[in-house]
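A short worksheet on the structure shown next.
The figures that follow rest on heavy atoms only: side chains count, while hydrogens, waters and symmetry mates do not. Order of the sequence lines fixes the chain letters, A, B, ..., with proteins taken first and strands second; residue numbering starts at 1 for each chain.
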There are 2 protein chains.
Amino acid sequence: MATARQATVSAPVVTGDDPRDRILAAAGQEFAERGYEAATIRDICLAAGVNVAAVNYYFGDKRRLYIESVKHAHELRVKQVPLPEWPRDRPAAERLHDFIDNLLERMLGFGQPPWQVRLMLREVLQPTDACRELVEDYMRPHFALLVSTLDDVCERRLPQHELRRVAMSIIGQCFLYRAAGDVVGMLVPRDEIESLHTPTQLADHVTRFTLAALGAAPPLASPASPPSSISRTPR
Amino acid sequence: MATARQATVSAPVVTGDDPRDRILAAAGQEFAERGYEAATIRDICLAAGVNVAAVNYYFGDKRRLYIESVKHAHELRVKQVPLPEWPRDRPAAERLHDFIDNLLERMLGFGQPPWQVRLMLREVLQPTDACRELVEDYMRPHFALLVSTLDDVCERRLPQHELRRVAMSIIGQCFLYRAAGDVVGMLVPRDEIESLHTPTQLADHVTRFTLAALGAAPPLASPASPPSSISRTPR
DNA sequence: GAGGAATTCAAACAGCCGTTTCAATCAACT
DNA sequence: AGTTGATTGAAACGGCTGTTTGAATTCCTC
């Protein structure tokens, strides 16, 4: 039924019928790729297949479009990768591994990293108005879950402030690969990246590193330790 | 002696006599603060107390000014905080602690973080032409030193690729506080930041965490472990 | 199908951007 | 002092930006 009128305008990169959603999707990608200043309304509208005036019509101005884009990316991401939940009897160490695996998967993604994560990364590195909301709604619950899992792992032997520092150590390890992946790629041989720096492999490494530091697993360099990995699913 | 001619133009934020150096200093601060796109030549020249044409005269165009700024910041930083060197007999664990302390000090700085680090951070997060040079001249030697120190700490029991991953774990822990400090500040109580997240305290934590993971120190959550910190200089 | 609101469109607006121009000024040397 | 070359200065040039306009078009309701 829908009249195929728009025809061969140029490159309507974004699909969907609601213009508001198309603008939001295109804006997210552009902002994520180029940053707020460098992204232009004209490019966004070209990619969305709408007129430049549409941004003002639906969002008011560029700044409000940006904030809506961040919120939108945030909501999409929450739907895609929800907070992990476990059965009551799952061991704490395995819950920690699941959490780290989940975190890395969310940060690095399966195939190409989706634009939503890049957009949120920009907010983390240089917070704007949209950031506080992002932290409260999205990151604080995850952080609390991580801290409580760590509390279980070391059987309540560490004070809260120390648990928080350990949590930061875990997040930092994962965060490096997301934020400074290009530099990591320059410092580590290419084949090593491809074989050992997959999300799964990294999750194993970070988990083992953390558990060993907490005393919940044998240390990495112990003379009597088995070769290396934890999960036995070479596949 | 020097003729106080420039008088009350506006706000010559940058000092020095060579206009080229003044532009470089002002440009570094502006680029670090606002990013490449948002920083304007007019603002830079205003802060440097020179005419807009001076940028074209001394550097050609904005892009080349940016590259020179990054190189300049890099060189300044290398002079300020050189690679650590130790006497032959210094224990590996203490060398690791020194390295991490040095790394954090360089990243977080004593007082307010200098603009040079912010500028380099921008390059790490979104590499441009200036980045590869930065990595080769500046980061690779540091990284190699860290890996070799780790090799000493665990007495050559780990393969190189595993050492590199451990090195990344260390760098990641430090990097988080530099890159995502604002978000960290939102997740951790304010007083805890002030009392426990100083460069020195963090260096102690990261070192202890790493040594414990490698089996070169008792685990954090061991029942028989003393309260917490390593260095006893509350000062 | 007519009326009216919602939406789209091409065009233009004012403003700021990086860059260039060219004359004025300065410094140094014969 | 006078000439030459390096440096500085005020002003302007296109070009691209976010934003606005007002008419044309679409969509829905009666």
Side-chain angles (χ1 to χ4, degrees), chain A residues 1-12 14-31 33-70 128-129, chain B residues 1-12 14-31 33-70 128-129:
Chain A
M1 284 307 155
T3 61
R5 182 81 56 82
Q6 58 261 41
T8 55
V9 204
S10 185
V14 186
T15 64
D17 21 344
D18 186 9
R20 210 189 119 96
D21 287 345
R22 285 213 311 275
I23 295 174
L24 229 34
Q29 289 185 244
E30 285 291 321
F31 283 136
E33 204 75 30
R34 309 192 198 281
Y36 178 79
E37 305 286 347
T40 75
I41 290 187
R42 279 174 174 82
D43 284 347
I44 290 171
C45 290
L46 184 73
V50 302
N51 191 270
V52 279
V55 164
N56 254 264
Y57 183 76
Y58 285 104
F59 298 94
D61 57 14
K62 189 184 182 184
R63 177 136 248 122
R64 265 173 290 181
L65 169 61
Y66 175 75
I67 293 179
E68 287 303 313
S69 297
V70 174
T128 71
D129 301 337
Chain B
M1 282 305 157
T3 62
R5 182 82 57 80
Q6 59 261 41
T8 56
V9 205
S10 186
V14 185
T15 63
D17 22 342
D18 186 10
R20 209 188 121 97
D21 287 345
R22 285 213 309 276
I23 296 174
L24 228 36
Q29 289 185 244
E30 286 292 322
F31 283 136
E33 204 75 29
R34 309 190 198 282
Y36 179 78
E37 305 285 348
T40 75
I41 291 188
R42 279 174 174 82
D43 284 347
I44 290 171
C45 290
L46 184 74
V50 302
N51 192 270
V52 280
V55 163
N56 253 263
Y57 182 75
Y58 285 105
F59 298 95
D61 59 13
K62 188 184 182 183
R63 178 136 246 121
R64 265 173 291 182
L65 169 61
Y66 175 75
I67 293 179
E68 288 303 313
S69 298
V70 174
T128 70
D129 301 337

- Message: Just to verify, what does B:R20 make a side chain to side chain donor-acceptor pair (under 3.5 Å) with, not counting sequence neighbours?
- Response: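 B:R20 satisfies side chain to side chain donor-acceptor pair (under 3.5 Å) with no residue once adjacent residues are dropped.
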
- Query: Partners of A:Y58 by side chain to side chain donor-acceptor pair (under 3.5 Å), sequence neighbours excluded?
  - Reply: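 Listed in chain order: nothing, the list is empty.
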
- Message: Using the salt bridge (Lys or Arg N to Asp or Glu O under 4.0 Å) criterion, which residues pair with B:R63? Sequence neighbours excluded.
- Response: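 B:R63 satisfies salt bridge (Lys or Arg N to Asp or Glu O under 4.0 Å) with no other residue.
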
[X] [atom1] - [N] [atom2] separation (whole Å):
{"X": "A:R34", "N": "D:dC16", "atom1": "CZ", "atom2": "P", "result": "15 Å"}
{"X": "A:Y57", "N": "D:dG22", "atom1": "OH", "atom2": "C1'", "result": "15 Å"}
{"X": "A:L65", "N": "D:dG18", "atom1": "CG", "atom2": "C1'", "result": "12 Å"}
{"X": "A:R20", "N": "C:dA6", "atom1": "CZ", "atom2": "P", "result": "16 Å"}

- Within the structure shown, what part of the strands sits under 4.0 Å from A:F59 by heavy-atom distance: base, sugar-phosphate, or nothing?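 Touches nothing.
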
- Message: Each nucleotide in nucleotides 10-18 of chain C should get exactly one letter: B, S or -. Can you fill that in based on protein heavy atoms under 4.0 Å?
- Response: BBB----BB

- Item | Set of side-chain contact (heavy atoms from CB on, under 4.5 Å) partners for A:L65, sequence neighbours left out |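 Per chain and number, A:L65 pairs via side-chain contact (heavy atoms from CB on, under 4.5 Å) with A:I23, A:L24, A:A27, A:F31, A:I44, A:V55, A:F59, A:S69.
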
- Measuring from A:I41:CD1 to A:D61:CG, what's the distance to the nearest 0.5 Å?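 Between atom CD1 of A:I41 and atom CG of A:D61 there are 8.0 Å.
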
- Query: Restricting to pairs with a member in residues 33-49 of chain A, which pass salt bridge (Lys or Arg N to Asp or Glu O under 4.0 Å), not counting sequence neighbours?
  - Reply: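 Every salt bridge (Lys or Arg N to Asp or Glu O under 4.0 Å) pair that includes a residue of residues 33-49 of chain A, provided the two are not neighbours, is A:E30-A:R34, A:E33-A:R118.
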
